[in-house]
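Chain A is the first sequence line, chain B the second, and so forth, proteins listed ahead of strands; every chain is numbered from 1. Every heavy atom of this structure was used, including side-chain atoms; hydrogens, water molecules and symmetry mates were not.
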Protein chains: 2
Amino acid sequence: MAPSMSDDRKIPRLDEVADRAGVSAATVSRFFNNPKMVAAATAERIREAVEATGYVPNLLAGGLASSRSRLVAALVPDIAQSIFNATVEAMVNELSVDGHIVMLGLTGIDNARMPDLISAALARRADAIIVTGLVNDPALRDLMRSRNVTVIETWGLPDDPIDVAVGFSHRAVGQDIARFLRGRGYRRPHLLTATGTRAMERRQGFVDDWTTAGGETPTEMTFESQTRFGHGRAAFRAIRELPTRPDVIVCSSDWLAQGVLVEAMAAGVRVPDELAVVGFGNLALAAEMRPTLTTVDIDGARIGREAVDVLRRRAAGKEIPDRHIDVGFRLIARESA
Amino acid sequence: MAPSMSDDRKIPRLDEVADRAGVSAATVSRFFNNPKMVAAATAERIREAVEATGYVPNLLAGGLASSRSRLVAALVPDIAQSIFNATVEAMVNELSVDGHIVMLGLTGIDNARMPDLISAALARRADAIIVTGLVNDPALRDLMRSRNVTVIETWGLPDDPIDVAVGFSHRAVGQDIARFLRGRGYRRPHLLTATGTRAMERRQGFVDDWTTAGGETPTEMTFESQTRFGHGRAAFRAIRELPTRPDVIVCSSDWLAQGVLVEAMAAGVRVPDELAVVGFGNLALAAEMRPTLTTVDIDGARIGREAVDVLRRRAAGKEIPDRHIDVGFRLIARESA
DNA sequence: CAGATCATTGCAAGCGCTTGCAATGGCTTT
DNA sequence: AAAGCCATTGCAAGCGCTTGCAATGATCTG
């Protein structure tokens, strides 16, 4: 009944468990951290003592002594309706198997809180820091490199990773989309791009491939903020005013694409005959709405798993031969293009 | 260039900063934890020393000594496309202002991993544990109550909270929907419900209100798993086979509702004239798709903020007078009903 | 001007665990 | 039967910080 703050019943400690089991604290410690070192009979007595006392190890103390925190920081821009959620989810699930916890840090779509969050992670002596946003500040990169911490950059493949990168080539995505649309005979693409670095890389990949192949420079619009439905809507209307109407709209996110689609349907524009649409992300909706959306699928969960795999290899003392781990992507052709 | 694991440059400690600033370690500690206690001139020297050494406090050691971890555990079923994300996002953002970090735990939709995650949180001596899933095991509830940790249950208002609850009455939601539909003249509701405890409470609220007001017992279907688009689709088709066709479908999630809607449109059924649909959650899509969805909006971010507010009040030594904090809900009438 | 008050600071004893090293005793091996 | 090996366990010295208590000097107070 009383609020839990007030009852300060004593919390059992390691040595009490040890006393009860008739062994030293060291043995109980080993029971938790290195079970194969303790004899079966002893282990059983310890197990009973733990049970009886309701002992829960103090990992703050343990971490201090061993300088292993069993804490991994996951730093993402946001989780509201983020494309990164599958990655975070996979990471959290994989790591909890190993007895690690994850600190969730939200850097903001502009990554403004990145420095503070990295500090917070280092202050807790995180075993690893996994970021999806970009860390541009050289001082920060150096700080992380100077610490005994694994750093994994995900969802992209920077030329010179801080440590290890798990992701795919955004440029290649753009190129693939260009190639695909060319193959389908489209002539006048219009690009709808968010101003983020990666969306811009995809855009550049598209433009380069398209023009190199003799296509005209695509018309385009960019958006400052995170792209949502509303932007897609507005964009569709703006596009209708264009002197030469595009025959396909290439969006930097499925949200954007979905907005365009909804507005196109409302305007009675036939998709893809009059106007085709391509998205990016393959959200749950993409395959469910009508028309179904042609988009690019990234296996976000796999990115999370691969990242954890790197951590495991490190923990096992193995070297990571290739600092770039490419998980690729898949262009999924559906009804909209 | 070398992987960061290998260069073990020495990490600066508190006393090195102290030496450099010509003060004792205690003073530097106070500089970080209780700045108003140190003289301005001294603070400035310390600041410089911190800067020069690149010192980052070791919060494992600090937490051990002070028995304050500045760690809050957030335990949610999942984050894939979860209705709880706004709550988690708000919490993380609010807490980082106070210098707290949040440990994200995914309990699974059946809450199977809840016990392990609570142990993990207690092992890190979390200052607070915030759960959205239900903690049914009495032993677990007692364990948490016996520890010096604030426990906040969210998204519901259990009769006897472990500590504090922030949420709303699911029963009342069901009742409100029943009242609303009656007001609009609907007669034959059909319920689509996930088997979760809370969805069931809403269902019960609906049924009780509906029948009490003289309505016939609604037809219904329940789903074992997490409800997605696909379930809504399948449900729609099944409903078409019913002997008496319902005039409104009440879904326990927007996903379900959206699936029904998509399938209804495809089948040429006019919404809401031939068939109305009500959802729950007010996802981003609800207002964007056509027809727009009548649903119930929960201010998830507010739940997160209120929870953090409770933590702050506790930290300030204030008592929490009411252990139930009701954030309410809003039924949003749109086109679909 | 003596005594009291206050703002700063340092001392040193922990906080609860981990782990290198050494000790113990039972088994093998020759 | 002596020597060597191995599995198990205990000892004790930290890990890096916080904080109650006491000391110091400065500023007030009457």
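A:H324 places a side-chain N or O within 3.5 Å of a backbone atom of A:P158 that can act as its donor or acceptor partner. In this structure, A:E153 contributes its side chain and A:A165 its backbone to no donor-acceptor pair below 3.5 Å. Here the side chain of A:D127 pairs no donor or acceptor atom with the backbone of A:V72 at under 3.5 angstrom.
Counting non-hydrogen atoms of other residues, nucleotides and ligands closer than 6.0 Å to CZ of A:R125 gives a total above 12.
Rounded to a whole Å, the CG atom of A:L59 is 11 Å from the C1' atom of C:dG16. Across the protein-nucleic acid pair, A:I11 atom CD1 and C:dC15 atom C1' stand 12 Å apart, rounded to whole Å. Distance CG (A:N58) to P (C:dC15): 12 Å, rounded to an integer number of Å. Atom pair A:R124:CZ and D:dG16:P shows a separation of 18 Å (rounding to whole Å applied). In this structure, A:L64 places its CG atom 14 Å from P of D:dG14, rounding to the nearest Å. Look at NZ on A:K10: it is 11 Å from C1' on C:dG16, rounded to the nearest Å. The distance from atom CG of A:L14 to atom C1' of C:dC15 is 13 Å, rounded to the nearest whole Å. Residue A:L60 contributes atom CG, which lies 14 Å from atom C1' of C:dT18 at whole-angstrom precision.
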Inset, instruction - Would you check, one step at a time, whether the test side-chain contact (heavy atoms from CB on, under 4.5 Å) holds for A:M114 with A:V131? - result: CA-CA 9 Å; A:M114 184 72 86; A:V131 294; 4.2 Å; yes
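When B:L104, B:I129, B:N111, B:T154 are each tested for a side-chain contact (heavy atoms from CB on, under 4.5 Å) with B:L75, only one passes: B:I129. Between A:D98 and the options A:R68, A:R314, A:R70, A:R312, a salt bridge (Lys or Arg N to Asp or Glu O under 4.0 Å) holds for only A:R312.
In this structure, B:R125 reaches neither bases nor backbone, as no heavy-atom distance under 4.0 Å exists between it and the strands shown.
Sorted by residue number, the members of residues 36-54 of chain A with any non-hydrogen atom under 4.0 Å from DNA chain D read A:K36, A:M37, A:V38, A:A39, A:T42. Heavy-atom distances under 4.0 Å link DNA chain C to A:A26, A:S29, A:R30, A:N33 of residues 21-34 of chain A, given in residue order.
Listed pair A:Y55 / C:dC17 meets the phosphate criterion, a side-chain N or O lying under 4.0 Å from OP1 or OP2.
Salt bridge status for A:D163 with A:R147: absent, with no side-chain N to carboxylate O gap under 4.0 Å. For the pair B:R313 and B:D309, the salt-bridge criterion is met [side-chain N within less than 4.0 Å of a carboxylate O].
Where A:S67 and A:R13 meet DNA chain C, the nucleotide closest to each residue was compared, and A:R13 sits on the side nearer the 5' end.
Closest to the side chain of A:S66, out of C:dT19, C:dC17, D:dG16, is C:dT19.
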